[in-house]
Amino acid sequence: MLRSKLPYILILSLSIRTFTAVSQVSYVDSLRTVWEDTNHPDSVRMPALANLIWAGYVYSDPDSAYLLTNELKNLAKKNNNAKMMIVSLNAYGVIKTLTGDYDSAMYYFKECEMVSKQTGHSEDQATSIMNIGNVFRMKGNLAEAIINYNSARKIYESLEMIDRVLQIYTNISLVYSDQKDFKMAQEYLKKGEALINEGYGDKQAAIYNYYNQGVNYNNREIPDSAILYLEKTKVLAESMNNEIMLLHTYVAMGSAYRTVDDGLALDYFNNALTKGKELNDVQAISTTNFHLADVFLKQGKMDLAITHAKQSLEIAEELEMLFNMNEASQILYQAYKAKGNTANALEYYEKFILYRDSLEGESNQKEIINQEYKFEYEKKAAADSVKAAEESKIQAALLKAEKSENQKRKQQSYFLIGGLLIAIIFGIVVFNRFKITNKQKVVIEEQKNEIIDSIRYAKRIQSAILPPDKVVKANLENSFILYKPKDIVAGDFYWMQTTGNKIIFAAADCTGHGVPGALVSVVCHNALNRSVKEFNLIDPADILDKTRELVVTEFQKSDEEVKDGMDIALCVLDDLKLQYAGAHNPLWIIRNSDFDSNLGVHKEEGSEWQLLEIKADKQPIGITHEPKSFTAHSVQLKTNDRIFVFSDGFSDQFGGDQGKKFKTKAFKQLLLSIQHLDMEAQKKEIDRAFEEWKGDIEQLDDVCIIGVRV
């Protein structure tokens with residue numbers, strides 16, 4: 001039996017109150033009608049759009065939610081509306097959390113907390129702090145999670161926002177659950193349910209509470225109560241059209257039925273896996289896989305257990321999902337041990353112990369307890385100080401009453417003169433402020449221009465490290481490079497070196513874009529050059545291994561941990577012999593005849609062209625958990641073959657009639673449809689397709705595509 005069967009679900013909140021509607025469908029339709037009617041002023045359309053994002057898209061379609069949030073942010077900026085800017089920042093954070101991009105989520109939530117604090121939006125500040133706690137909890141940092149939850153709780157209690165205190169109760173219960181203190185977790189959940197029964201909260205709060213109670217009862221091995229609360233959750237999820245919540249409920253129901261009927265449990269898990277893939281919910285896919293692995297482990301089907309546990313662990317390690325990493329590695333240890341494979345059993349046992357200790361470390365537990373005591377102490381101290389202040393106010397009021405009568409006559413005679421003086425002084429201050437503001441505006445404009453000039457000069461420096469067009473054409477005559485930075489400078493770059501008859505080229509995608517991405521690109525570009533020129537490496541896997549070593553060494557010089565790095569597709573071309581190695585980014589080869597192997601070949605109906613994809617290693621150039629040597633692939637090309645390497649900027653771009661991502665499949669179809677053109681014409685057609693797809697939507701990332709015909 002797993003040490004803890006189910007993941008609890010945190011409450012993620014947008015900084016806006018949603019309307020109450022008769023039905024979810026009519027509610028969403030009414031919001032969309034208001035938003036799409038441009039006759040309404042922006043002050044009406046923006047709240048409608050904000051509620052539409054939350055009610056209609058965040059859980060069922062995060063990609064569209066992200067696109068709509070871009071529109072909300074642009075409108076907020078145009079109207080200088082701080083509230084809607086806060087809503088958009090928090091929405092970004094929620095969407096990134098749901099899609100597993102915790103670092104981006106943390107960035108947006110901290111930005112939102114800062115803006116909320118600066119503009120005096122205390123409720124929004126508390127919401128951001130709560131969501132920061134959520135991200136810390138998902139990453140396994142429970143001490144920081146509870147610090148943020150208690151900070152948010154203090155603000156909500158001061159504002160008498162009981163429905164938000166209910167949310168905090170739910171999330172604090174999860175911290176205790178992570179520490180296997182299910183009794184304390186249940187106490188907080190029951191506190192929340194009592195508030196729901198008193199009429200606080202909404203369906204969203206209720207569904208989280210019921211789901212987490214079901215999980216908690218399941219982990220306490222009380223399946224009847226677990227199923228009761230999970231059935232409540234399922235009914236609510238279906239009524240709200242909440243596909244993601246329904247997905248997690250399937251997982252929970254599968255786990256609850258484990259002690260009743262393994263066959264029924266497998267049905268729920270398989271349904272969850274199917275829905276997880278439909279929604280591209282990688283967190284749920286990882287969780288479902290380790291549950292399936294556990295079922296197969298108990299049934300003695302070790303190969304199936306290993307397959308599903310590895311799939312779970314691979315995703316979990318990439319997303320740093322500590323709980324899933326712990327469970328999957330434990331299953332792998334047990335399965336390999338049962339098969340008599342002691343080497344692999346030992347490897348995963350060591351991982352299991354490492355992850356278990358991280359989850360249950362004594363220092364983490366003590367820090368949580370200390371923070372709870374600290375909160376209760378501060379709460380009591382605040383109450384005592386309020387009481388003392390009230391007593392002091394009473395005494396001061398009595399003294400003031402004795403003096404007020406004597407002062408009243410004097411004050412009346414001063415009012416007329418004082419009012420006149422204040423008016424004169426106010427006029428002087430306003431005039432001086434007007435002069436100062438004009439001067440500040442000039443200074444700000446000058447500073448802005450200086451910053452832009454500096455970034456433009458940085459672009460010249462970055463352009464200097466890119467291989468010139470004439471050098472590219474001299475070595476790869478029939479080729480093109482489509483390079484479209486999102487900002488003035490970029491995180492993407494293309495790279496080329498030659499040694500003997502070999503031409504080494506690559507398309508690279510560094511962490512971020514703009515100035516941060518450009519800084520990382522300089523470090524990675526330098527490491528590539530050193531790997532070839534200083535260390536004389538020509539094997540693509542060796543080049544990437546050495547580049548990673550140099551990049552990690554460079555970033556480790558910082559006092560702070562730097563997790564930035566690079567994805568890359570790197571090729572070594574020697575006449576018709578091609579060698580390739582990649583970090584996340586694949587190699588595509590297009591041929592107008594059959595490949596020797598049909599493995600991974602993509603072919604469009606009616607097309608004579610075929611596309612062979614050679615996948616990259618799923619690890620970056622940078623700091624990663626348990627790095628492995630990169631894999632070199634060799635391909636014997638034929639004359640007229642086309643080679644393509646690229647970053648993910650094109651396929652990840654939102655656009656089209658429905659505001660969806662372009663996606664990899666459509667990118668393959670595009671390339672196969674234009675192979676009758678020469679390489680320069682292909683570049684123009686790809687660029688045209690990108691701009692047409694993007695339309696008026698903001699470009700989301702840098703784009704770099706290299707095409708070569710041999």
- Task: Would you please test K618 and E317 for salt bridge (Lys or Arg N to Asp or Glu O under 4.0 Å) and show each step?
- Result: CA-CA 11 Å; K618 293 185 177 180; E317 288 181 336; over 6 Å; no

- Trace of the ring pair (Phe, Tyr, Trp, His ring centres under 6.0 Å) decision for F650 with F690: CA-CA 7 Å; F650 192 111; F690 180 80; 5.3 Å; yes

- Query: Quick one: CZ on R164 to CG on L166, what's the gap to the nearest 0.5 Å?
  - Reply: 11.0 Å

- Message: I'd like to know if the side chain of N90 and the backbone of I86 have a donor-acceptor N/O pair within less than 3.5 Å.
- Response: no

- Message: Among V94, T69, L89, V135, exactly one meets side-chain contact (heavy atoms from CB on, under 4.5 Å) together with Y108. Which residue is that?
- Response: L89

- Residues E698, K73: salt bridge by 4.0 Å N-O rule: yes

- Item | Cationic N near anionic O, under 4.0 Å, R45 to E71 | no

- With no hydrogens and no angle check, is any side-chain donor or acceptor of D702 less than 3.5 Å from a backbone partner on K486? yes

- Message: Over 60° means perpendicular and under 30° means parallel, so tell me whether H248 and Y211 are parallel, tilted or perpendicular.
- Response: perpendicular

- Item | Pair R137, N134: side-chain N/O donor-acceptor within cut-off below 3.5 Å | no

- Task: Apply salt bridge (Lys or Arg N to Asp or Glu O under 4.0 Å) to K83 and D124, showing your working.
- Result: CA-CA 9 Å; K83 175 64 178 180; D124 301 322; 2.9 Å; yes

- Does any non-hydrogen side-chain atom of V551 lie less than 4.5 Å from one of V520? no

